[in-house]
Amino acid sequence: MHFRQDPEDERFREEVRAFLRARLPADVAERNRRGFHPTKEDELWWTRVLYERGWSAPHWPVEYGGTGWSPLRRFIFEEECFLAGAPPTCAAGFSLLGPVLYTYGNEDQKQRFLEPTRRGDIFWGQLFSEPNAGSDLASLKTIAVLDGDHYIVNGQKTWTTEGHYADWLFCLVRTDTESKPQRGISFLIIDAKAPGVTVRPIVSLDESHSLNETFLDNVRVPAANRIGEENKGWSYAKLLLEHERAFSAEVPRNKRLMAQLKQIAKTQRSGAGRLIDDPVFSARIAEAEIELRALEWLTLRALADMDHGADPTKPVGSVLKVRGSELIQKIGALIVEALGDHGQAFYPEHGFESLPGPAEAPGQVADFLYRRAVTIYGGTNEIQRNLIARGLLGL
Ligand SMILES: Cc1cc2nc3c(=O)[nH]c(=O)nc-3n(C[C@H](O)[C@H](O)[C@H](O)COP(=O)(O)OP(=O)(O)OC[C@H]3O[C@@H](n4cnc5c(N)ncnc54)[C@H](O)[C@@H]3O)c2cc1C
C-alpha cells in the first residue's frame, strides 16, 4: 500500500501546510504544542479562520458545508493542523452533535444551529454522563417532564468538557420511566444561559479547569428543541457515540509526543553520555516508535477500507482507540522519566525562556497527568475491549 505516494494527496498536504504557515500565529501554536488546554477564544477564532477557507467542518456532508474530502485527506488535514499547533475546534459541536443534527434534526433546527456552529458562533457542551451513569449510560436519571410546549428538566450531569465555554448544551434525558431504560430517553438541546443551569468546575490532576459538573434545576426547555421523536433519543445518541470513538487513534498526538521524547532524551544526561544513547532507554523509545508506526499504518488501512465501503458495524475504531490511548500513556511516561527533576516545569505562567532543562519540558508533566483520562473518555478501554470481543472476535 502506498498511501503517501499519491502526488495529489502530497500536493494537498503542502496546501494545508502553506495555509497553516500563513494563518497560525507562533504564540498560539506554542501553547497548543505544549498541551495546554485551549481557550474558548482560540477555539472559536480558529474555527472562523477555517470557515473563511471552507474547512471548518471537513467531515460534514457537502450540502451542510463539508469539504467532500476522502477519509485520507481528512486525516492529512487533521495531522498537519495538530502538528503545527493549531487550536482544536469545538469537538462536541463538530464531531458529536453535528452528525446527529444533520441526520435527525428538522429543517428549523438545522437552520438555527448548523451554520452558526460551522461559523464559530456557537460553542457546545455534551451532557450525557451522570454520577451513576457512565459506561452504563442508559441508566441515566435526569428527568424531563412535558408541561405544555416546554419540558421541565431536573438532574445532574458530570464530566462536561469545556461546559464553562458552552453557549448551548445537548443532553440525554429520561422522558419515560416505565419502559426499558433505552426506550425512555430523549435528546434535548438546552440554552446554557437558561435559568436553572449551573456549571461548576472540576479541577483535574493537571491542576487545570476543563471539566465540569452541570446541574439542571427546573430548567424550561422548549419542546421544539427536542431532536427527533420523544423516547427515541437513545438511537440518535448511538450514532454520536460511534463518531466519538471512530478513528480516535490520536496518531498526530502520538507523533508529537514521540518527537518531544527524542528531543528531551538528546538533552538529558545518563551517566557520562546522552540519555538517547543509553542502550536500555533507547530500546524503550524504539519499542514505542515501532508501536507508533504500526498504529499509523493500521489507521491508514482503516481509512482506505472506509474509502472502499468497509462494513461500518465492525468496531475497528475501538481497536484504534485502545492502541492509540495506551501509546499516549506509554510515551508520556517515558517523557516524564526522561525529564526527571526538570518535569517540575509544570504550567509556567511567565514564559519558558529562563527555565533550566530541555526547552520541551514545560507543560509535559501536566499533560501526562491529564492524559491518564484517555483510556476513560470516549468510552473506557474495557468497554472497547468488550466491543472488540463481540464485534471482531465473535466471542
Ligand atoms: C476527561 C474526561 C472528559 C469527559 N467528557 C465528557 C463530556 O464532555 N460529556 C459527557 O457526557 N461525559 C464525559 N466524560 C465521561 C465519560 O464518558 C465517562 O467517564 C466514561 O463513559 C466512563 O464512565 P464512568 O466514569 O462513570 O465510569 P464507570 O462506567 O463507572 O466505570 C468504572 C470502571 O468500570 C469499568 N466497567 C464499567 N462497565 C464495564 C463493563 N460492562 N465491562 C468491563 N468493565 C466495565 C470501566 O471500564 C471503568 O474502568 C468524560 C470523562 C473524562 C475522564
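If you're wondering where the values come from, they're calculated on a predicted model, not measured in any experiment. Whatever order the structure lists them in is the order used to number ligands and atoms, beginning at 1.
- In the vicinity of Phe128, heavy-atom distances shorter than 4.0 Å reach the ligand 1 atoms 11 (O).
- Considering Arg200, Lys157, Gln156 in turn, Gln156 is the only one that fulfils the side-chain hydrogen bond (donor to acceptor under 3.5 Å, both in side chains) rule with Glu213.
- Distance check: Arg119 CZ to Leu50 CG gives 15.0 Å after rounding to the nearest 0.5 Å.
- Of the listed options Ala91, Ala373, Ser129, Cys171, Ser129 places a heavy atom closest to atom 18 (C) of ligand 1.
- Of the N or O atoms in Gln126, one or more lie within a sub-3.5 Å distance of an N or O in ligand 1.
- Ring orientation note: the planes of Tyr347 and His37 are nearly perpendicular, at an angle over 60° on the 30°/60° scale.
- Between Ser135 and ligand 1, an N or O atom pair is found at a separation short of 3.5 Å.
- Enclosure of atom CG in Asn132 is not indicated, since only 12 or fewer non-hydrogen atoms of other residues, nucleotides or ligands lie within 6.0 angstrom.
- At least one donor-acceptor pair closer than 3.5 Å links the side chain of Gln109 to the backbone N or O of Arg226.
- At a 4.0 Å heavy-atom cut-off, ligand 1 touches Leu211 through the side chain alone.
- Only the side chain of Asn386 comes within contact range of ligand 1, with a heavy atom under 4.0 Å; no backbone atom does.
- Evaluated by nearest non-hydrogen atom to atom 48 (C) of ligand 1, the leading choice among Arg371, Arg372, Glu382 is Glu382.
- Residue contacts with ligand 1 for Thr380 involve side-chain atoms from C-beta outward but no N, CA, C or O (heavy atoms, distance under 4.0 Å).
- The ligand atoms of ligand 1 that sit less than 4.0 angstrom from a heavy atom of Tyr377 are 1 (C), 2 (C), 3 (C), 51 (C), 52 (C).
- Taken from OG1 in Thr161 to CG in Leu211, the straight-line distance is 5.0 Å, to the nearest 0.5 Å.
- Not one N or O on the side chain of Arg174 forms a donor-acceptor pair closer than 3.5 Å with the backbone of Ala144.
- Nearest-heavy-atom check against atom 38 (N) of ligand 1 across Leu205, Asn212, Ile383 picks out Ile383.
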